[in-house]
**Q** 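Okay, here's the structure, questions in a sec.
Read the numbers this way: they start at 1 and go in the same order the structure lists the ligands and their atoms. Numbering of residues begins at 1 and proceeds along the displayed sequence. Please read these numbers as outputs of a predicted model, since none were measured by experiment. Below, all heavy atoms of this structure are taken into account, side chains as well, without hydrogens, waters or symmetry copies.
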Amino acid sequence: MMMKRRLLIVALTDSKKIDNSGHEVRRFPDSLLFGTATASYQVEGAWNEDGKSENIWDRLTHTQPCLVKNCDTGDIADNSYYNYRRDVEMMRELGLDFYRFSLSWSRVLPTSFPDQINEAGVNYYNNLINEMLKYNIQPMITLYHWDLPQKLQELGGWANPHIVDWFSDYSRVMFELFGDRVKYWFTINEPREVCYQGYAGQSMAPAYNISGMAEYLCAKNLLVAHAKVYHMYNEEYRPTQGGLVGIVLSASWFEPENEGDEEAAEELRQFEWGSFAHPIFSESGDFPPVMKEKIAAKSAAQGFLRSRLPEFTSEEIDLIKGSSDFFGLNHYTTNLVYRNDTVNGMYSSVSYYDDIEVGFYQSTEWPETGATWLKMVPWGFYKLLTKIREDYNNPPVFITENGCASREGLDDDTRVTYYKSYLDVMLDAIEDGSDVRVYTAWSLMDNFEWLEGYYDRFGLYEVDYESSERTRTPRKSAFLYKEILRTRTLDMHFEPDATLPMTIDEGH
Ligand code: NOJ
């Protein structure tokens, strides 16, 4: 007969306790919500079915196929358009409080505009939301997770100021359609990746490659669009729907390589995520002063007649300031930073990194995971949470993504260690006073990892891309996450066993 393990808890410090096997366990705050996340293009598939129109990732994967590893596409992906019941079953197996997913703009508004609403697309999201709510799993919706309708891209996408109206109109329709049941909204996922990787660089659609220029136009328009939608929800929908709305920023930790590099590291932090955090969360608003100064000085020296960083009007500064109910944070890793005044030897003379004048890299001593850019550095997460608390007057923080990659296979011990160590330092930050309210593991299951295709696997569940069902199987980390959610504690000694059957606990 199996003995049920009873947790005998003895108080140590704030969250540290000893259980009856002698292990130290740490308790999470009762109010902390746990979930997982995905995004539409990465999981849905059905790329041209039931009235959906083309988006920028459909275009990129079909016209430049081998830009993506193995020439993979999201045409079928995890086929979640058809597999949503299984997806919700997995959420129940894990015992999630919520699930964060995104809406495909071109699936619900095939013309990009509200003149036509695609009923089949709306039904899909209604079915998913209603299935989740049946089991008390809260839907958290991201309005924009990188799959812009192709038509809007042809009009310049986020570099065209009219995106403010296009995004507001789309968001209004979504609040009308789903806001009666959805109480957590994220406007835009990772503006830095949207603007920098897609407009300055070439590692995300639309791969414009116009560095030092396009990303700054994108950043301005994106911030105004976000703020307009925040105020629209706040004024027109919050009174009756009563939800929360905010933005999701990506932030790596940037650690100075040497003592003398603190200024360089801080400048990189201000460019990389301060560019979006400062306008929203600082007391003064606007782009970070160092960013304005550096780009203006470079632009003048290069012969431009004005700064390549566009200015906000004072009305826009006020509109954007405070326009988020929480600090949505995607965090994965850390880099070491050094001053480099000769960046333009490496890039064309006008470029984002030339504007910043730094170089950065990851230490070879840090443990690797399955993604080349993502080493395991938990102390960086702690430092980042501390800085957000100190710089922005301790805002409520929603960790909207955290996790690491592996290759295929169920024995993902590295991911198990990653989650344990990142959650451990998150608890340290909470004990120091950080107001962390939400934690989200990326990802529920393997999915289309952008230019890495299906090579980098981020899932708690493995997805079999050889099977037409896209069979999902829990990895070790799924068993770890389930145990954490069941006990609401972190036991660094818990060793998950992926050979056990995965079941749904009572009440889920
Ligand atoms: C952040 C992005 O939001 C998500 O789409 C991506 O898959 C993960 N990072 C992992 O790279």
**Q** Crowded around His162 NE2? As in, over 12 foreign heavy atoms under 6.0 Å?
**A** no

**Q** For ligand 1, which atoms, with element, lie under 4.0 Å from some heavy atom of Trp146?
**A** 2 (C)

**Q** Honestly, is Arg269 close enough over Phe254, meaning NZ or CZ under 6.0 Å from the six-membered ring centre and within 45° of the axis?
**A** no

**Q** Just to be sure I read this right, does ligand 1 sit under 4.0 Å from the backbone of Asn189, its side chain, both, or neither, counting only heavy atoms?
**A**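 Contact part for Asn189 vs ligand 1: side chain (C-beta onward).
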
**Q** Starting from atom 8 (C) of ligand 1, which protein heavy atom do you reach first, and at what distance in Å?
**A**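 The answer is Tyr332 OH, 3.3 Å.
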
**Q** Using a 3.5 Å cut-off on N or O atoms only, is Asn447 in polar contact with ligand 1?
**A** no

**Q** Would the Phe448 and Tyr41 ring centres measure less than 6.0 Å apart?
**A** yes

**Q** Assess the residue pair Glu449 and Arg457 against the criterion (salt bridge (Lys or Arg N to Asp or Glu O under 4.0 Å)); give the C-alpha distance rounded to whole Å, side-chain angles, the decisive distance to 0.1 Å, and a yes or no.
**A** CA-CA 8 Å; Glu449 177 56 14; Arg457 307 292 190 106; over 6 Å; no

**Q** Starting from atom 11 (O) of ligand 1, find the nearest protein heavy-atom neighbour and note its residue, name and distance.
**A**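 Sorting protein heavy atoms by distance from atom 11 (O) of ligand 1 puts Glu449 OE2, 2.5 Å first.
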
**Q** For Lys482, which residues count as a salt bridge (charged side-chain N to carboxylate O under 4.0 Å, His left out) partner, sequence neighbours excluded?
**A**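 Testing Lys482 for salt bridge (charged side-chain N to carboxylate O under 4.0 Å, His left out), a comparison that skips the adjacent residues, returns Asp505.
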
**Q** Nearest protein heavy atom to atom 1 (C) of ligand 1, by residue and atom, and its distance?
**A** Glu401 OE1, 2.9 Å

**Q** Between His145 and ligand 1, which residue portion shows a heavy-atom distance shorter than 4.0 Å: side chain, backbone, both, or neither?
**A**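 Within the 4.0 Å criterion, His145 contacts ligand 1 through side-chain atoms alone.
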
**Q** Near Glu190, which atoms of ligand 1 are under 4.0 Å from a heavy atom of that residue?
**A**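 Close to Glu190: 1 (C), 2 (C), 3 (O).
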
**Q** May I ask you to check if Arg100 and Phe186 form a cation-pi contact, with NZ or CZ under 6.0 angstrom from the six-membered ring centre and within 45° of the axis?
**A** yes

**Q** Taking only heavy atoms of Trp373 into account, list the atoms of ligand 1 that are under 4.0 Å away from them.
**A** 11 (O)

**Q** Tell me yes or no: between the side chains of Tyr461 and Glu93, is some donor less than 3.5 Å from an acceptor?
**A**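 The criterion, which ignores hydrogens and geometry beyond distance, is satisfied for Glu93 and Tyr461.
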
**Q** Relative to the heavy atoms of Phe458, which atoms of ligand 1 are at a distance of less than 4.0 Å?
**A**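 Atoms satisfying the 4.0 Å criterion: 10 (C), 11 (O).
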
**Q** Does the Lys NZ or Arg CZ of Arg415 fall within the cation-pi geometry relative to Tyr481 - under 6.0 Å from the ring centre and within 45° of the axis?
**A** no

**Q** Which bit of Asn330 is near ligand 1, meaning a heavy atom under 4.0 Å away: side chain, backbone, both or neither?
**A** side chain

